Structure formats: structure tokens, C-alpha cells
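Letters A, B, ... mirror the listed sequences (proteins, then strands); counts begin at 1. None of the values given here were measured: they were computed from a predicted structure. Computed from heavy atoms alone, side chains included, the values below leave out hydrogens, waters and symmetry copies.
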Amino acid sequence: MPVSYPITPLLPEIVASLAGHPRLVLEAPPGAGKTTQVPLALLEAAWLGDRKIVMLEPRRIAARAAAEFMATQLGEDIGQTVGYRIRFDARIGPRTRIEVVTEGILSRMIQDDPSLEGTGAILFDEFHERHLAGDLGAALALDVQANLRPDLRLIVMSATLDGERIAQWLDAPRISSPGRSYPVRIEHPPARTQETVEQHLARTVNQALRETDGDILAFLPGRREIERTRAIVERQHEGVEVVALHGELSLAEQHLALAAPDPGTRRVVLATNVAESSVTLPGIRAVIDSGQAREPRFDPQSGFTRLETITISQASADQRAGRAGRVAEGVAYRLWPQSRRLDAQRTAEIAQAELSGLVLELAAWGSEDIPWLDTPPTGAMGQARDLLRRLGALDTSRITTLGRKMLALGASPRLAAAALRAPPELHPLVADLLALMEARSPLRGELGRTDDFRARVAALHLWRDGGARGARAGSADIAALAAIEKAAGGWRRRLGVRTGASGVPHAHAIGDLLAHAFPDRIARRDEGNAMRYQLANGRGARLHENSALHGEPWLVVLDLKLDARDSLIFAGAPFDPRILEIEYSSRFVTERVLRWDDARDIAEAFEERRFDALVLERKSVPVTGADALPALLAAIRAGGIEALPWSETARRLRARMGALRVWRPELGLPDVSDDALLASLDRWLAPYLEGKRRLSALQAADLSQAIAALLDYDQRRALDADAPDELRVPSGMTRRLGYGTLPDDPGASPVLSVKLQELFGLADTPRVGAGRVPVTLHLLSPAGRPIQVTQDLHGFWERTYPEVKKELKGRYPKHPWPDDPWTATATHRAKPRGT
DNA sequence: CTCTCCCT
């Protein structure tokens, strides 16, 4: 008797649509029967011939369950018409026509046989989850269909789907099926001011207990929030069973959550996203949704992935609410305002994940230009290529032989690189590391908090050697160890190893192997602070207070919490730094590094030996003229032109040059302003710095010479003539000209300070600048007191001198004060010479 | 002193 499903009436339409068009989008909510009924219906399609159907499932449990369900429906055993293929486990027979596979398997199948010989249709189940492997598989399949296999049928199936966009991407018709579920009433209980999510949720639990029958499922972002909420709910209610459900729980604990509660007991399940898709809970009548989830976000800048608490999408909210309507009408309480708009769909994993596995697949495929639904972001792609080059999987952008082997091994690129570098005698240990690295830590209790990764390996070995009694009571989850051992067995088969590792490997064996997987996360202890480490990628990290790794000089960091300052190391293993010399000799550089020590006013040279950003050795080396020069010039640029040892001579020389440049531009004198001198240090000053290590070794005389050398011979002669240092006055003495200070006004008239009597006999103001600029006379009394400032000596003699003379005569009677200064003899003494 | 989930 064929059982009827909501999707059953649509099956002929689905088959017919695919006969006319090789792609289809099928939207059907949970309970419609699409996962099991569609593959069986396609089996009868004429266009399929005797080809196979491949169906992708995002989870191994779902793949196995779907295959079993279909086999049962056919009245067969699994491995006959219907089989499955997941990692380390396949039940496929010679007659198998429907293969249910997990997402990673499809890219393997396509890479191994791009024409997909013998496959007539591929179904992508639960495509709305938008896993990385699903997106890649779909894009590869579309590429195959477009270029090699136009007859290949592709069916994208989903519960909640961005149907219009997907249909456009696929250029495919859409068929929608009703589901089999009951109506769910949506409520938005408002939060009180200052209320935490946990308090709000606990209050809503009370409301749900009053308003509904059956069990309550609440969604929270993480374990911490679950524990806080549990504390509040348990305080408020007796006779209510509160169950936590999250990924860190043992299988036994998860089973407890899934088992039916005692009759008459209301149960409240506090869950993370596990309960959104992976775990099915019976008997839920009310859902309480915090609207939050935690998701990994890859940061290409740092190369690390961190968990972020995000606001869920509308599709997730609907999925969560749907959990309340499986058995009867239900209620969903949403802890956010009804007015808030959520994003329609969740962000695809491809947009926010680490992409080294994807890039390796694409390198093997030979093209990144395949029909993506969402194109992978360039930043993460670039980071992935860098990592793959570092691991030896790519040279520039082509896949290497090692890269192909890594892909064939089927571990993440990092772990695959480490596995393939290991000598065969270590393969048993490698198998354990692959299994342990891919699983959550099996350690529990006190030991669960250790950051020494070796403790996980030790727990596995103890358990393997001595069974459940071998593992110390309470310090490890036996079920988790069993699952890890199963995976390790799979890796052993793939590596061609018969027996598992046992006993205690030497202290560095584990770190030495894993260092090959995380060459960018090699860490060296700080010299000053034993809790701090420097990572090879240039970042800082620290151990937590009770670290078991304290004292290790070298670590490979396996897991950390990213922080702008020092990240916190969650897991690591010590290793022997000699492997770096042996295996990564090309990443060592020895470089001369020059530094200016401002406090000591000295250029220092070091020879540094580095591994990436880690400075391993630094020794002082003599500073040669050639390499001190850049440091000195940089120091001068930093300190400014005034920091140079300017002598009075040099200052005056520079001032005169500045003046003449303005007075006689036709001479083409160089610009000697601060900015111009700083900008051209390497031309005019560099020759005088040669061989010097300290700035103070630059003598004032050097600077004067360097300034003077800015002029050629003709300019120098013009300078002496037209911007002279001093002027001879009628008394026969020479007096200095005062030039303005740069850069105030380089062309200002220079000042000649002179006693009045020294100018007797001089009719007019002396001029400089080839006669273009009168000097500014500061006329002084015999005692040097200022009498008058003027640029018009002639006018002074004529108009002012008669007045001034009277006064000066009284005050300085011993000095000559002639009535006719034009013809008088100039003197700098009290009495004219020879009188 | 800590973290959702999934997979070759």
C-alpha cells in the first residue's frame, strides 16, 4: 500500500518538468516527503534510463536515514537499489541506483570523473542551509552540465528558499509543495527595560507554561546563555524539567534531551542552533526564540576564524517557529519587536568562511570561473591561496603534486599537508591527530580545561589500550572517544596503516607533526614575559593563568580566541624548533636591520635572523657609512632642519643665499628654505654624513661647507659681491650686514649697524643686490645707542643731522661733529686720526 | 579561562 505524502500529487509534474528542462527548483517545507519520495519517483523517469541518481545531504545521519527509509519503502535492504556513501562508510551495491551522499563526496565524484558517467540526476537536499560544500558541489555540477553533460538533471530542493533568486541563477522552473504541519501562532512578548535576554526568556517560559501544553523549545546563541537561563528557570519552577542541548554535550546527554519526559512533567529544552536543523525533538508545542545565533566568521586579515553572535534571518526564525507545529497547533514567542526587519536569508557560508579547501578544489578543477550562486569573496580567496602556497599545495596558482595528494586524502588542507609530510612510522599517530583535530575535545571535568593538546591524544591512547577503565574516570567522554577512534580507524585505512598508535609519544612528536599544519601559528615565548608568545604571523598571544603549557619555549597554536591585543591560547602543543630549520629553511631570513636610537643619538645596525615575523637572533654589527646614511637622514627629517648644528657662519651664509635668490632671481640660486633643504638632504648633506654613525658627529664646519657647496663658482662670486657678509664704511672699518632670518622674509633689506661718525663723507645709502636694494642703516651714537633707522642717508644728512648734531655735541664733546658731514673724515675713534 | 555547526 503506497503511503501518501503531501508531495505525492506533485511527483508526475516534477518528473515531467525535468523531461523538458534539465533543472528544477523544488520548494517544500519539512514533512512534505521530498527527501524520500522525489528520488524514488525519478527512478521511474524515462529520461533517466539506467543511470544513477545522486542525492546530497548536509549531514551524515540524514544521509543514512534517508537511504534506509527509501530501501524500506522498496522492501529491500540498504545497498541494493538504494545506498549511501559518507566518509569512511559506504553501502553501495552493483545494482544501486540511488546514492545518498554527504556534501563533501560530490566534489570528489566530480573531480574524479568530470563527465559523471553513469549519473543521470543530482538532487541537492536542504540547499537553503547554504553550506560551503553544497555551494561548491552545485556550481561544479552546473559547470559539468553546461560543458559536458547537457542531459544531466539538477534538482535543488529546500524547505525555505530564496526561490526566485535560486530559480534565476539556475534558469529553472519552480515547483512548490505544501507541507504537513499545523499552524503556529506568532507572538512578540516585549522585553522590560534593562532586562537581559536570559531574564526575558525565562519570563517567557512562564508565559508559555501557562498558555500551552506540551514541551517548550527555546533557542539561545550559546552555552553560556543556556546555563544562565537554566539557573533562572530552575529557581522559578519545581516539577519542570530543564534540559540543555548544545554541541558540546555527550551523545548520552543528547539522548536524554531527546527521550520522552516522565508523564506529567513539563519539559523546557534550552538549545543552540543544533535544534534548528540537526536534532528533531518530538512533542514541542511552544518555541521561544531569542533571535540570536553564534556563527563563525573568518577574518582574512588575521587568518583566524572567530565566533560572532548574530541576529538570525527571517528564514531561520521561520524554521525555528516551525518546530512548534509538528504534532499540533503551536505558538512561537519571538523575543524581538514585531517591527524589526530581519534579513530574508542567512548569509551563505561561502561568504564568511575560511576557503583553503575550496581554493584547492578549484585549483584541481582548473577554473574559478564556475556558475556561483554567490561568488567567494576575494579577500578570503587570496588568504587561502597564500596558505596553500605555504603548505606546498600551490605554486603561484597551479596545483602541485602534493596538492593533488592532499585533495585525495580528504582532510582539510592544513591537516592533509601535515599528514603527507609525516614519515610512515608516524602514520598511526597522524591518524589519531586527524581524528582528534576534527572533533570536539573528548576531555571533561578538570582535564577538559587544559590547553595542552597532548592530553587529548593521551586520553585516546589510554582508552584504546585499556578500554573504558583506561581512560581516567570523569576526565573524558567515552562515547566521544569511541567516535574519535572510529574516525581514526578510517584515517588509518586511508593511510594504509594496520594498527593504532599507543603509549605516550615523545614530548614533541605531536607538536612537530602539527607544526606542519599551522606553520603560520608557530609561537615563540617572549623573553620578558613567560605567559606571552609571538606568533609567526606577527601577532601576539598569551596563555591563560592555569595553563599546562607554561614554560614551553616553542608552541604550535591550534586554537585561540582572537583579540586585537593578545589573543588567548585555547589549545597548543610544544614542538622542537629544529624542525623549522630542517623543513622550512626557506622561511628563515638573515637581514641587516638599521635603526636610529633617538635617545642615544646613534644609528645602530643589527643582523637579524628571523622566521617570518619571529626574531630568533639579533646581534649588533658595525654600522657602515652606506647603511648608517639612511638612518641619519631619517633622523634629520624627523628632527627638522633646526636640529642640525648651525654655526653663526652657516646661518649667515644661508641667509645671504636666501636674500640673493630673491634679489637676483636670474642667477638661479637654490632654494634654502627649511622645506627645500629637508627635501633635498640626500643631495646636499649626504656627502658630509658619509662614514658618520651619530648625528652629533656632523660638525658645524661640515654644515657650512655643505651649505656653501650648494653654489657654483659664479654664484659664489655673485654672492660675495651682491649679498656681502660685510661692508667697508668710510672709516675704513668693515661692518657686518644683518640678514633677516629665514624663512620670514628672505628678500628683506639687510641691516648695517654703524656709528654715525663712521659714515662721514658718505653721501648716499650703500646698496647691495647689484644696486637694487638699499641697506637699512641703524645709525648709532659713539656709545652705540640707536639714533635713527633709515634707508635714506642723503636725506638724513640734509634734514635730521643738524638737529641730532646739537644733542650729540653736548653729550659727546670729545668727538668731532662737523657741520658738513659730506666732506668730513670718517672715524671710529674719539678724535680724527692725526689731529 | 572558552565556542554554533558540518564535511571529503
Check: When we call it a touch if two heavy atoms are under 4.0 Å apart, what does A:P296 touch: a base, just sugar-phosphate, or nothing?
Finding: base

Check: For the side chain of A:R223, counting heavy atoms from C-beta on, which of B:dC1, B:dC7, B:dT4 is nearest?
Finding: B:dT4

Next item on the list: Scan A:L409 against the nucleic acid and name what it touches under 4.0 Å (heavy atoms): base, sugar-phosphate only, or nothing.
Entry: nothing

Checklist line | Closest nucleotide among B:dT8, B:dC3, B:dT2 to the A:R449 side chain | finding: B:dT2

Checklist line | Length of the NE2-C1' vector between A:H131 and B:dC6, whole Å | finding: 6 Å

Next item on the list: Check whether any side-chain N or O of A:T309 sits under 4.0 Å from OP1 or OP2 of B:dT4, and answer yes or no.
Entry: no

Item checked: Separation of atom CG in A:L358 from atom P in B:dT8, rounded to whole Å -> 17 Å

Checklist line | Comparing A:G222 and A:T102 on DNA chain B - which has the more 5′ nearest nucleotide | finding: A:G222

Next item on the list: Provide, to the nearest angstrom, the distance between the CE atom belonging to A:M437 and the C1' atom belonging to B:dC7.
Entry: 15 Å

Next item on the list: Report yes or no: is there a donor-acceptor pair, N or O only, under 3.5 Å between the side chain of A:D451 and the base of B:dC1?
Entry: no

Next item on the list: For A:L245 and B:dC5, give me the distance from atom CG to atom P, rounded to whole Å.
Entry: 8 Å

Check: Between A:W491 and A:F88, does the ring centroid distance fall short of 6.0 Å?
Finding: yes

Notebook entry, point to check: Considering only side-chain heavy atoms of A:R59, which listed nucleotide, B:dC7, B:dT8, B:dC3, is closest?
Noted result: B:dC7

Notebook entry, point to check: Within the structure shown, what part of the strands sits under 4.0 Å from A:A408 by heavy-atom distance: base, sugar-phosphate, or nothing?
Noted result: nothing

Checklist line | For atom CZ of A:R414 and atom P of B:dT8, their distance in whole Å | finding: 21 Å

Note to self: Students often get this wrong, so: under 4.0 angstrom with heavy atoms, is A:R440 touching a base, only sugar-phosphate, or nothing?
What the structure shows: base

Tabulate below the donor-acceptor pairs under 3.5 Å that side-chain atoms of residues 559-566 of chain A make, not counting sequence neighbours, or state none.
from: A:D563; atom 1: OD1; to: A:R565; atom 2: N; distance (Å): 3.3
from: A:D566; atom 1: OD1; to: A:R532; atom 2: NH2; distance (Å): 2.9
from: A:D566; atom 1: OD2; to: A:R532; atom 2: NE; distance (Å): 2.6

Margin query: What contact category does A:I105 fall into here, base, sugar-phosphate, or nothing, at under 4.0 angstrom with non-hydrogen atoms?
Written below: sugar-phosphate

Note to self: Starting the side chain at C-beta, find the nucleotide from B:dC6, B:dC1, B:dC3 nearest to A:R224.
What the structure shows: B:dC3

Next item on the list: Let me know the distance between CG of A:D563 and P of B:dC1, rounded to the nearest Å.
Entry: 12 Å

Note to self: What is the separation between atom CD on A:E438 and atom P on B:dT4, rounded to the nearest whole Å?
What the structure shows: 20 Å

Next item on the list: Taking the six-membered ring of A:W336 (Phe, Tyr or Trp), confirm whether the NZ or CZ of A:R334 is under 6.0 Å from its centre and within 45° of its axis.
Entry: no

Notebook entry, point to check: Ring-on-base stacking between A:F570 and B:dC1, under 5.5 Å between centres and under 30° between planes: is it there?
Noted result: no

Margin query: Please check: side-chain N/O of A:E57 versus main-chain N/O of A:A63, any donor-acceptor pairing under 3.5 Å?
Written below: no

Check: Under 4.5 Å between any side-chain heavy atoms of A:L56 and A:V101, yes or no?
Finding: yes

Next item on the list: Give A:S107 one of three labels, base, sugar-phosphate or nothing, depending on what nucleic acid heavy atoms sit under 4.0 Å from its own.
Entry: nothing

Note to self: Base, sugar-phosphate or nothing for A:G104? Non-hydrogen atoms, less than 4.0 Å.
What the structure shows: sugar-phosphate

Checklist line | Pair listing, side-chain hydrogen bond (donor to acceptor under 3.5 Å, both in side chains) test, anchored in residues 304-314 of chain A, at least two apart | finding: A:R294-A:T309, A:S313-A:S316, A:Q314-A:D318

Item checked: For atom CZ of A:R108 and atom P of B:dT8, their distance in whole Å -> 11 Å

Note to self: Looking at B:dT8, I'd like to know if its phosphate oxygens (OP1 or OP2) sit under 4.0 Å from a side-chain N or O belonging to A:R60.
What the structure shows: yes

Notebook entry, point to check: If you look at every strand shown and take non-hydrogen atoms under 4.0 Å, does A:L106 touch a base, only sugar-phosphate, or nothing?
Noted result: nothing

